[in-house]
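Here is the structure we will look at, set down as structure tokens.
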Amino acid sequence: MKTMLHAVKGMAVLFALVLAFGTICAPIQAKSKGYVFKYKKVSVSMHGKAKKIIKKAGKPSATKVKKSCAYKGKDRTYKYKDFILYTYSHTDDGEEFVNGITFLTSNVSTPQGIKIGSTLDDVIKKYGKAKDKFGVYTYKKGKTKLQIEVTDDVVSNIRYIPTKA
């Protein structure tokens with residue numbers, strides 16, 4: 001019995017040391033800014049700079065520019081074959097920041113592999129359960145809401161929406 005007690009105490013001490021050492025030596029990670037969209041090796045975060053994704057996506061099939069209702073700058077919409085990119089700027093000619101992304105085809109997916117045509121079961125396996133409001137499942141992380149619209153248990157739309165978080 002004494003030997004067993006010593007073994008249990010020894011394991012507890014070893015476990016405590018592993019936890020402490022792991023905590024001390026673990027790298028400090030930056031707090032996530034939310035869900036990220038990846039396209040042609042470019043990662044895009046809501047409120048992040050839009051320059052790289054605009055360059056990598058190429059010439060849009062349509063562009064709309066209007067005066068921003070939130071800033072002194074412009075709101076822009078870039079329509080590409082597979083997605084729509086929404087941006088804003090603080091001044092008329094200022095740097096653009098990402099203000100949303102909407103998927104148009106199944107050629108693009110979330111980093112977790114969810115795309116238009118995925119099943120509701122796939123979504124739940126990758127993101128967990130979320131409240132269903134009229135077929136729209138909303139997941140919030142950092143400065144992003146990921147809205148996945150489901151029709152007849154199949155993903156029909158995906159949107160990245162910024163939050164103030």
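Not measured: the values here are computed from a predicted model.
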Show the atom names and distances, to 0.1 Å, of all donor-acceptor pairs under 3.5 Å that link a side chain in residues 119-126 to residues at least two apart or in another chain.
residue : atom : partner : partner atom : Å
T119    : OG1  : D122    : N            : 3.0
T119    : OG1  : D122    : OD1          : 3.4
T119    : OG1  : D122    : OD2          : 3.1
D122    : OD2  : T119    : N            : 3.2

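Screening residues 106-159 for ring pair (Phe, Tyr, Trp, His ring centres under 6.0 Å) gives Y35-Y127, Y127-Y139 as the qualifying pairs, with residues at least two apart or on separate chains.
In this structure, NZ on K59 lies 15.0 Å from CD1 on I54, to the nearest 0.5 angstrom. How far CZ of F37 is from OG of S109: 8.0 Å, rounded to the nearest 0.5 Å.
Nearest heavy-atom pair, E95 versus S89, reported as atom, atom and distance to 0.1 Å: O-CB, 3.3 Å. Closest of all the heavy-atom pairs between S43 and V36 is CB-CG1, 3.7 Å. Between K115 and S106 the shortest heavy-atom distance is CD-O, 3.3 Å.
Residues passing the side chain to side chain donor-acceptor pair (under 3.5 Å) test with Y88 are H47, sequence neighbours excluded. The side chain to side chain contact (heavy atoms under 4.5 Å, CB included) check on D92 picks up K74, with sequence neighbours excluded. Qualifying side chain to side chain donor-acceptor pair (under 3.5 Å) partners for S118, counting only residues two or more places apart in sequence or in other chains: none. Judged as a side chain to side chain donor-acceptor pair (under 3.5 Å), and not counting sequence neighbours, the contacts of S156 are T151. With sequence neighbours left out, N107 forms a side chain to side chain contact (heavy atoms under 4.5 Å, CB included) with K81, D82, T105. Considering only residues two or more places apart in sequence or on other chains, K79 meets the side chain to side chain contact (heavy atoms under 4.5 Å, CB included) condition with S61, A62, I84, L104. In terms of the side chain to side chain contact (heavy atoms under 4.5 Å, CB included) criterion, residue partners of K145 (sequence neighbours excluded) are, by chain and number, T138, K140, I161, T163. Annotation: salt bridge (Lys or Arg N to Asp or Glu O under 4.0 Å) contacts of R159 (sequence neighbours excluded): E149. Taking the side chain to side chain donor-acceptor pair (under 3.5 Å) definition, one finds that T91 meets it with nothing, sequence neighbours left out.
In this structure the side chain of K66 never reaches within 4.5 angstrom of the side chain of T77, judged on heavy atoms.
Residues I148 and Y86 fall into different hydrophobic clusters, defined by Ile, Leu, Val, Met, Phe, Trp and Tyr side chains chained together at heavy-atom separations under 4.5 Å. Residues V108 and I53 are members of one and the same hydrophobic cluster, defined by side-chain heavy-atom contacts under 4.5 angstrom among Ile, Leu, Val, Met, Phe, Trp and Tyr. Clustering ILVMFWY residues whenever any of their side-chain heavy atoms sit less than 4.5 angstrom apart, transitively, puts V42 in the very cluster that holds M46.
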| task | Tell me, with the steps shown, if F83 and I158 meet side chain to side chain contact (heavy atoms under 4.5 Å, CB included). | result | CA-CA 10 Å; F83 63 93; I158 299 174; over 6 Å; no

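Annotation for K129: atom NZ does not count as buried by contact number, only 12 or fewer foreign heavy atoms lying within 6.0 Å.
Checked options K51, R76, K49; the residue passing with T87 is R76 (criterion: side chain to side chain contact (heavy atoms under 4.5 Å, CB included)).
Classified by interplanar angle (parallel below 30°, tilted 30° to 60°, perpendicular above 60°), the ring pair Y160/F103 is tilted.
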